[in-house]
Amino acid sequence: MSILLINGPNLNLLGTREISMYGNTSLDELEKMLSSMAKEHNINLICFQSNAEHEIINKIHDARNNDVKSIIINPAAFTHTSIAIRDALSGVGIPFYEVHISDIKSREDFRKFSYFSDIAQKVFCGMGLDGYKHALHEAIKLDI
Ligand code: DQA
């Protein structure tokens, strides 16, 4: 059984991007840490990052064929723009958790709205990278 972790645009720059906002851990380090957490529960974590909306949508569609039981997604800037990714998530009907490293509610006005939060199982926002760990715990609880 698998859980799919999706990180959206610019999150490949984690560790070097706006460090005061997003911290100095790289995406690779984050993915390794979460994968070993998942492994302890005999769960395979599929890690995916893309800067392209259509690639994220295709990955969500493929999830149905890959025994994916839940999705953890940080849609990054697509949070505030993408009805298409929202529709993909509701289209496949796989429960998902929304993560934001920063507290989007306390930043610029254009970040305050999320196209995902009302249909997410839970939203983890402003907890730094710990938000991913909490989301993974929740996803594992649901899956086992
Ligand atoms: C983000 C918040 C978004 O507004 C921003 O575009 C990101 C990252 C976060 O994790 O805090 O790229 O999703």
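Bear in mind that the values here come from a model prediction, so they are computed numbers and not experimental data. Whatever order the structure lists them in is the order used to number ligands and atoms, beginning at 1.
By the side-chain hydrogen bond (donor to acceptor under 3.5 Å, both in side chains) test, Thr79 pairs with no residue at all, sequence neighbours left out.
A salt bridge is defined here as a Lys NZ or Arg NE, NH1 or NH2 lying under 4.0 Å from an Asp or Glu carboxylate O, and Asp130 with Lys133 meets this definition. Using a 4.0 Å cut-off between charged nitrogen and carboxylate oxygen, Glu108 and Arg111 count as a salt-bridge pair.
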Show which side-chain atoms of residues 3-22 pair as donor or acceptor with protein atoms under 3.5 Å away, not counting sequence neighbours.
from  : atom 1 : to     : atom 2 : distance (Å)
Asn7  : OD1    : Tyr132 : OH     : 2.6
Asn12 : OD1    : Gln49  : NE2    : 3.4
Thr16 : OG1    : Leu13  : O      : 2.9
Tyr22 : OH     : Arg107 : NH1    : 2.9

Put together the list of close N/O pairs, under 3.5 Å, between ligand 1 and the protein, could you?
from     : atom 1 : to     : atom 2 : distance (Å)
ligand 1 : 4 (O)  : His80  : NE2    : 2.7
ligand 1 : 4 (O)  : Arg111 : NH1    : 2.9
ligand 1 : 6 (O)  : Ala77  : N      : 3.2
ligand 1 : 6 (O)  : Arg111 : NH1    : 3.1
ligand 1 : 10 (O) : Asn74  : ND2    : 2.8
ligand 1 : 10 (O) : Ile101 : N      : 2.8
ligand 1 : 11 (O) : Ile101 : N      : 3.2
ligand 1 : 11 (O) : Ser102 : N      : 2.8
ligand 1 : 11 (O) : Ser102 : OG     : 2.6
ligand 1 : 12 (O) : Arg17  : NH1    : 3.2
ligand 1 : 12 (O) : Arg17  : NH2    : 3.1
ligand 1 : 13 (O) : Asn74  : OD1    : 2.8
ligand 1 : 13 (O) : His100 : ND1    : 2.9

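Remark: Lys112 NZ is packed, more than 12 non-hydrogen atoms of other residues, nucleotides or ligands lying under 6.0 Å away.
For residues 56-80, no pair satisfies ring-ring contact (aromatic ring centres under 6.0 Å, His included), with sequence neighbours left out.
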